[in-house]
**Student:** 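This structure is in C-alpha cells; I'll ask about it shortly.
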Protein chains: 2
Amino acid sequence: MEEKLMQKLGSGSLDFESYFSEKALAMKASEVRELLKLVETSDVISLAGGLPAPETFPVEKIKKIAQEVLTHHADKALQYGTTKGFTPLRLTLADWMEKRYGIPTSKVEIMMVAGSQQALDLIGRTFINPGDLVVMEGPTYLAAINAFKYYGPEFISIPMDHDGMRIDLLEEKLEELKRQGKRVKFVYTVSTFQNPMGVTMSVERRKRLVELAREYDFLIVEDSPYSELRYSGEPVPPIKHFDDEGRVIYLGTFSKILAPGFRLGWVAAHPHFIRKMEIAKQSIDLCANTLAQVIAWKYVEEGYLDEHIPKIIEFYKPRRDAMLEALEEYMPEGVEWTKPDGGMFIWVTLPEGIDTKLMMEKAVSKGVAYVPGEAFFVHRDVKNTMRLNFTYVPEEKIHEGIKRLAEVIDEEIKALKG
Amino acid sequence: MEEKLMQKLGSGSLDFESYFSEKALAMKASEVRELLKLVETSDVISLAGGLPAPETFPVEKIKKIAQEVLTHHADKALQYGTTKGFTPLRLTLADWMEKRYGIPTSKVEIMMVAGSQQALDLIGRTFINPGDLVVMEGPTYLAAINAFKYYGPEFISIPMDHDGMRIDLLEEKLEELKRQGKRVKFVYTVSTFQNPMGVTMSVERRKRLVELAREYDFLIVEDSPYSELRYSGEPVPPIKHFDDEGRVIYLGTFSKILAPGFRLGWVAAHPHFIRKMEIAKQSIDLCANTLAQVIAWKYVEEGYLDEHIPKIIEFYKPRRDAMLEALEEYMPEGVEWTKPDGGMFIWVTLPEGIDTKLMMEKAVSKGVAYVPGEAFFVHRDVKNTMRLNFTYVPEEKIHEGIKRLAEVIDEEIKALKG
C-alpha cells in the first residue's frame, strides 16, 4: 500500500482506473457517437447522424410560448416540480394520446422523463435483474442496447423483415424457452418506422404480440419516437392500443415533434409500473426540467403540436423520396434497402461478405458517411448492413451522397467477385 | 405456470410486483417527499421544504435571454447537444470557478448534468462496487444516501460539529480500517452551509481532509449547492481549491443561483473521471437540456449571475435572521441549534429521549411542519433532531412557525420529565 502510494506521488498522477466500479470499467463509448465526431470535422456528406433538421423546430411558437410562460407561470416553470411531472402536461398528453391513438386515459398514467432515453434507463433499473431474458429486435436501437446492458440482461435477438419483428420466430423462441422453464421479462420494440430499419410492425403482428405477452407472461416496451412522422401509407395504432391488461409500457418523446434540446419524453403505463419508476427517478434527477414541461404543455394544449406535425412531414417527405430515388438510380445489383413510410432512416443490406465497418474508411475518403449496421445487433453478428439518415441533409446532398456511396459499394462488390 | 396465468386472468389484474427487479423491490419513496405531500394540502406553516423562494428567480433576465437565445441560437438551443455539455457554457463556468474559487481551469474539466442530483447517481454508477466503503457525514444530504444506496456501498457515518465533519474521527476510522486491510472509496461532503445542518467545514479541516485522501488513497466528492448563499462571515475556498492530485470531484448547480426548474448542474473534476462519467451519462439521457444550457451560458457570460447573487442574499438574510431570533426567543432550555452563515437550513437538537418523527403528528396538528432528522443519518440511529428551512416562508410566518414548534417541544420536554 505504502509502496503503491509512493509510486503514484513519484509519477505525479493518480492511478485513475483503480477507482472505477467494475461496471464502469466495462462501459464503452458509443461507437456511433465517436464516429460522428470524426465526420463532423470534415466536409464529408454525413448520412450517419440521427438528428432532426433544425428547420423543423417551431422556433417562433416556442419563443411566443416561452414569453407567456415566463410572464404568467414563472413560479412553476422555474421551480422544482414533482417527480412524476407537471400535472397539466401529463393530463393534456393523456387526452392527446386517447384522441390520437385510442388509448383510454383511464388505462394509463403518464410520467415525464428527460427524453425517452431516460425511460430506457429507468426501465432497465426497474425491471431487469442480472440474467433476465430481454427480447430485442435484430437490428434494434443502439442506445437501448447500451441502456439495458448496464443492468446485465441476457439478450435474445429476433430477426426483422419488412413488417417488423418476426413474431412467428418470437413464438418459436418463447416455446423453446418455456420447455427450458425460462421466461422472458420483456420484449423491446421500436414499433413504428423503426430505428434503424425504418419498417413498421403490421397490425396483425401487434395484436399477436399482445396475445403472446399474455400467454407467456411478459411485458412489452413500445418505444415510439417516430410514429408521427408519416409520409405515406395509413396510420397504425400503437401496440398499447391493443393492451387490456397493462402489459405494454409506451414511450413517447417531444424530440421529433417539438425539439430534442428540451430533453422531454414520457412513459405511459399502468399506474403500478409508473409508481415504481417514479421512485427510481427520484434519486436519479428529482424531476424533468420544468420550463420545458410548461412550454410543452402550452404547445400541446393550444393545438400548436397538431398544427406543426404536417409541417415537419412536408419538410421530410421530399428528403425520404430523394433518398429512395437516388438508391434506385445508383445502387448496383445485389444491394437491398427498406422503403419506409416514415421516420428518419433507411436500412441497406449489401451482398454477404462485405463488412460495412471495414468499408467505412473508404467511404469517408470518398466523401460520404453512414452508420455500419453491426452495432445495432445485440450479438454483433451481421456485418453487411448500414443505416442511412435522410432527415438532416438536404435533397441535393442526399443525391450526391448516395451516388458516392454507390460507387464505393460497387467497387467492393467487384473486389468480392474478383 | 398455466395455473398462475388463469388466476391472473380471473382476477383481471396482473401481479405487478412479479416483474420488478430485486433492487426495484427494495426502493422506497423518499419519506420527506411523501411527508411534504401531506403538508402541502393543509394550512400548516411548513419549515420542512427545501425549495428556494420563487421571488429569487431572475425572471426578467431569463425572459430577455430566452428571447435572444431563441432568436440567435435556436439551432443549438433546441437541438441535441454533446453528452459533456454545451462547450461555451463549460468554458465560461471553468473561468468563473477559477476567478471565484481559485480552481485553475487547467486542472478541471466540466460536464453539465441534469441537476447535481444526477451527478450523485453518476458517481454511484462510476465508482461504487457493491460493498465499497463510502464515508458520509452524520447527518448528510438525504437524496445522496438514496442515490448511492442503489449501488450497494457500505456506509460509514462520521459525526459533525459546528465546523463540519469531525476530521479527527475520520482519521481514527481510516487508521482502524487500514489495520483491517480496508480502503475507503470516497468521502462525500456538503462542505459549505451543509444540508441539513447549515454548518461549514473549516479551512483547517478542508486541508487535512485532502492530506488524508492522499495518505489513505481515497477520493472526495464535494457537493456545493449552497456556497454562494453567504449572509455573514468570510468566504471559504472549496476543498477542490486545495486539491493538486485530482482527488476531488466538485459538484455545482444552477438550482440555487438561477432556477431549479432548469435542472442544470455541473461536475468539475479531473478529465479522466469526467471521461468515464460522460460515457455513463450517454446511456442515461444522452445530454442535459440544451435550451437551459444556452440560457445559463448567457447568464454567466454576461455577468448577470454575479449581479444577481447579492439580490438572493439580500432576500434570504432577513429570513435566516428571523428564524435565529425566533429560536432564541421561544425555544425552551435544553434545545440547541446551529447558527449558519448561509445556505437554507438550521439544524435543531432536542433533549435525548424525544423522537422527532413521533412528535411530527402533534406538530402538524399545531400547524407547523419540519423534517425529522432520522432519515439524514445513514444508520437512522439519531432520533432527537430536525431540519428547518428558512428560505421558502416569509419572516412573519417563520416567527409564528417557530413559536408553535417551541410550544410542542416544550410539552414534549415536560412529558419527558414528568
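The sequence lines fix the lettering, A, B, ..., with proteins before strands; numbering per chain opens at 1. Scope of the values below: all heavy atoms of this structure, side chains included, with no hydrogens, waters or symmetry mates.
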**Student:** Does any heavy atom of chain B fall under 4.5 Å from the side chain of A/Phe148, the backbone, both, or neither of them?
**Tutor:** neither
**Student:** Side chain, backbone, both or neither: which part of A/Ala119 has a heavy atom under 4.5 Å from chain B?
**Tutor:** neither
**Student:** Under a 4.5 Å cutoff for heavy-atom pairs, which residue among B/Lys23, B/Lys185, B/Gln67, B/Met27 has the most contacts with chain A?
**Tutor:** B/Gln67
**Student:** State, to 0.1 Å, how close A/Ala66 and B/Leu70 come at their nearest heavy-atom pair, and which atoms those are.
**Tutor:** CB-CD1, 4.3 Å
**Student:** Tell me whether A/Arg263 contacts the main-chain N or O of B/Asp285 through its side chain, where contact means a donor paired with an acceptor under 3.5 Å.
**Tutor:** yes
**Student:** Under 4.5 Å from any heavy atom of chain B, what part of A/Tyr150 do you find: side chain, backbone, both or neither?
**Tutor:** side chain
**Student:** Compare every heavy atom of A/Ser283 with every heavy atom of B/Ala147, then report the nearest pair and how far apart it is.
**Tutor:** CB-O, 3.7 Å
**Student:** Rounded to the nearest 0.5 Å, what's the gap from CG on A/Leu286 to OG on B/Ser116? Could you check?
**Tutor:** 8.5 Å
**Student:** Do A/Lys63 and B/Thr71 come within less than 4.5 Å of each other through their side chains, counting heavy atoms only?
**Tutor:** yes
**Student:** Checking side chain to side chain donor-acceptor pair (under 3.5 Å) between B/Tyr19 and each of A/Lys276, A/Arg247, A/His272, which is the one that passes?
**Tutor:** A/Arg247
**Student:** Using a 6.0 Å cut-off, check whether atom NZ of B/Lys76 has over 12 heavy atoms from anything other than its own residue.
**Tutor:** no
**Student:** Measure the shortest side-chain to side-chain distance between B/Pro260 and A/Tyr80 over non-hydrogen atoms and say whether it is less than 4.5 angstrom.
**Tutor:** yes
**Student:** Okay, side chain of B/Arg125, backbone of A/Ala24: is any donor-acceptor separation there less than 3.5 Å?
**Tutor:** no
**Student:** Checking B/Phe186 against chain A: side chain, backbone, both or neither under 4.5 Å from a heavy atom?
**Tutor:** neither
**Student:** Determine the option with the most heavy-atom pairs under 4.5 angstrom with chain A, choosing from B/Ile128, B/Leu219, B/Leu264, B/Leu120.
**Tutor:** B/Leu219
**Student:** Which bit of B/Phe127 is near chain A, if near means a heavy-atom gap under 4.5 Å: side chain, backbone, both or neither?
**Tutor:** both
**Student:** Do side-chain atoms of A/Asn129 reach the backbone of B/Glu22 as a donor and acceptor pair under 3.5 angstrom?
**Tutor:** yes
**Student:** Looking at A/Asp75, A/Val59, A/Thr126, which one has more heavy-atom pairs under 4.5 Å with chain B than the rest?
**Tutor:** A/Thr126
**Student:** CD/B/Gln282 to CG/A/Asp121 distance, rounded to the nearest 0.5 angstrom?
**Tutor:** 13.0 Å
**Student:** Pick one of side chain, backbone, both or neither for B/Ala292, based on which atoms fall under 4.5 Å of a heavy atom in chain A.
**Tutor:** neither
**Student:** Has B/Gln79 got a side-chain atom pairing as donor or acceptor with A/Pro52's backbone, closer than 3.5 angstrom?
**Tutor:** yes
**Student:** Could you check whether any side-chain heavy atom of B/Leu78 comes within less than 4.5 Å of a side-chain heavy atom of A/Phe262, counting everything from C-beta outward?
**Tutor:** yes
**Student:** Name the option with the most non-hydrogen atom pairs under 4.5 Å to chain B; the candidates are A/Ile62, A/Leu291, A/Asn289.
**Tutor:** A/Asn289
